[in-house]
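Note that this is a predicted model, so its numbers are computed, not measured. Note on naming: letters A, B, ... go to the chains in the order of the sequence lines (proteins, then strands), and numbering restarts at 1 for each one.
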Number of protein chains: 2
Amino acid sequence: MQERQALAAFAALSQETRLRILRLLVVAGPEGLAAGLIADQAGVSASNVSFHIKELERAGLVASRRESRSILYSVDFGALNGLVRFLMEDCCAGQIGLCVDAEETVVCDTRMIDQQGGGQTAER
Amino acid sequence: MQERQALAAFAALSQETRLRILRLLVVAGPEGLAAGLIADQAGVSASNVSFHIKELERAGLVASRRESRSILYSVDFGALNGLVRFLMEDCCAGQIGLCVDAEETVVCDTRMIDQQGGGQTAER
DNA sequence: TGCATATTTCTACAATCCTAAAAGTGTCGA
DNA sequence: TCGACACTTTTAGGATTGTAGAAATATGCA
């Protein structure tokens with residue numbers, strides 16, 4: 001994932017309504033959800049949903065397709081995956097051993113295994 | 001990590017200068033970096049660095065300590081780790097098998113293994 | 001076509017970002 | 001201790017961007 005896209009994705013996720021919408025869409029799965037339903041479930045006005053969905057689309061996190069009267073929006077899971085990877089790799093600038101805690105979540109990428117010898121845990 | 005903190009963290013990372021600063025700090029490691037050095041290396045004015053650092057601190061991603069005349073800033077790796085986890089768990093709303101691709105990065109948390117049977121990859 | 005539903009554009013307001021200048025804050029030597 | 005210096009933060013300003021609700025537009029079915 002390019003830095004440019006990651007910046008847009010972070011911006012998209014930094015807004016409460018958008019985060020809520022994204023979660024709804026994740027739960028909905030590849031099938032997606034109509035804008036009206038999103039508005040209902042998120043407790044937000046339709047125009048507001050439209051605005052935020054557009055932002056999520058611009059960030060590449062959400063895709064849309066028309067189905068009869070409704071437009072169904074769904075998460076681009078590839079993009080979401082890319083963002084996780086960006087955060088772990090690019091953003092952590094190769095210090096993944098420091099960034100990603102090995103306690104519960106053990107990440108088994110070769111690059112990470114190389115750095116996991118120390119078994120370092122993050123300091124709080 | 002609480003949603004509130006995650007929102008602040010995403011907002012902090014959604015700005016080019018702040019992302020650059022965070023990367024510098026990650027590379028610098030626990031030792032940290034003085035504000036002046038950050039300004040030089042990031043190619044940003046001192047006041048601007050101060051402004052953005054404060055934002056990173058507010059988001060809980062960066063800590064500071066005084067050392068003689070300088071103030072050294074360092075990444076809170078625990079918080080960064082928490083953000084990665086938030087993105088993978090809370091944000092992905094339990095659909096980790098969909099969100100986190102199993103191709104290169106295999107995540108070996110029990111919760112994830114449970115969901116990895118399908119070996120589903122994201123659709124683009 | 002005409003109506004009901006679904007979505008987008010418009011508008012006003014608030015928040016963010018950056019530069020330059022001024023004000024702190026702490027350290028060191030006389 | 002006091003003043004000078006180095007380093008960082010705060011403030012003020014103006015331009016840009018983000019937000020929410022009102023109004024307008026588009027779509028599909030009878």
Integer-rounded Å distance: [N] [atom2] and [X] [atom1]:
| X | N | atom1 | atom2 | result |
| --- | --- | --- | --- | --- |
| I53(B) | dT10(D) | CD1 | C1' | 16 Å |
| F10(A) | dG18(D) | CZ | P | 17 Å |
| R65(A) | dT27(D) | CZ | P | 18 Å |
| R58(B) | dA15(C) | CZ | P | 12 Å |
| F51(A) | dA12(C) | CZ | C1' | 14 Å |
| E57(B) | dT8(D) | CD | P | 13 Å |
| E16(A) | dG18(D) | CD | C1' | 15 Å |
| L33(A) | dT7(C) | CG | P | 10 Å |

Item to check | Nearest-nucleotide pick for A46(B), side chain only, options being dC17(C), dT9(D), dT7(C) | outcome: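 Closest of the options to the side chain of A46(B): dT9(D).
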For the atom pair [atom1] ([X]) and [atom2] ([Y]), what is the distance rounded to the nearest 0.5 Å?
| X | Y | atom1 | atom2 | result |
| --- | --- | --- | --- | --- |
| L13(A) | F86(B) | CG | CZ | 8.5 Å |
| F51(B) | Q15(B) | CZ | CD | 8.0 Å |
| L22(A) | I53(A) | CG | CD1 | 9.0 Å |

Item to check | Five-pair end axes of the helix from dT1(C)-dA30(D) to dA30(C)-dT1(D), angle between them (10°) | outcome: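 End-to-end axis angle for the helix from dT1(C)-dA30(D) to dA30(C)-dT1(D): 20°, rounded to 10°.
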Next on the checklist: Need one value for S47(B): base, sugar-phosphate or nothing, where a base atom within 4.0 Å counts as base even if backbone is also close, heavy atoms only.
Outcome noted: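 It contacts base atoms.
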Next on the checklist: Need one value for A34(B): base, sugar-phosphate or nothing, where a base atom within 4.0 Å counts as base even if backbone is also close, heavy atoms only.
Outcome noted: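 Sugar-phosphate, backbone atoms only, no base.
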Does the side chain of [X] get closer than 4.0 angstrom to OP1 or OP2 of [N] through an N or O atom?
| X | N | result |
| --- | --- | --- |
| K54(B) | dT10(D) | yes |
| N48(B) | dT19(C) | yes |
| H52(A) | dG18(D) | no |
| S50(A) | dT8(C) | yes |

Mark yes or no for whether [X], through its side chain, and [Y], through its backbone, hold a donor-acceptor pair below 3.5 Å.
| X | Y | result |
| --- | --- | --- |
| Q2(B) | R4(B) | no |
| R58(A) | G60(A) | no |
| R20(B) | Q41(B) | no |

A side-chain contact here means heavy atoms from C-beta on lying under 4.5 Å apart; do [X] and [Y] qualify?
| X | Y | value |
| --- | --- | --- |
| I21(A) | L25(A) | yes |
| R23(A) | V27(A) | no |
| L80(A) | L61(A) | yes |

Provide a list of protein-nucleic acid N or O atom pairs under 3.5 angstrom, restricted to nucleotides 27-30 of chain C.
unit_1	atom_1	unit_2	atom_2	d
dT27(C)	O2	R69(B)	NH2	3.3

Item to check | Heavy atoms of other groups near E16(B) CD, more than 12 under 6.0 Å | outcome: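 Not more than 12 within 6.0 Å, no.
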Item to check | 5′-ward residue of the pair E55(A)/S70(A) relative to DNA chain D | outcome: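 With E55(A) and S70(A) compared, the 5'-side residue is E55(A).
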Checklist entry - Closest nucleotide of DNA chain D for R18(A) versus for Y73(B): which of these residues is on the 5' side? => result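 Whichever sits nearer the 5' end wins; that is Y73(B).
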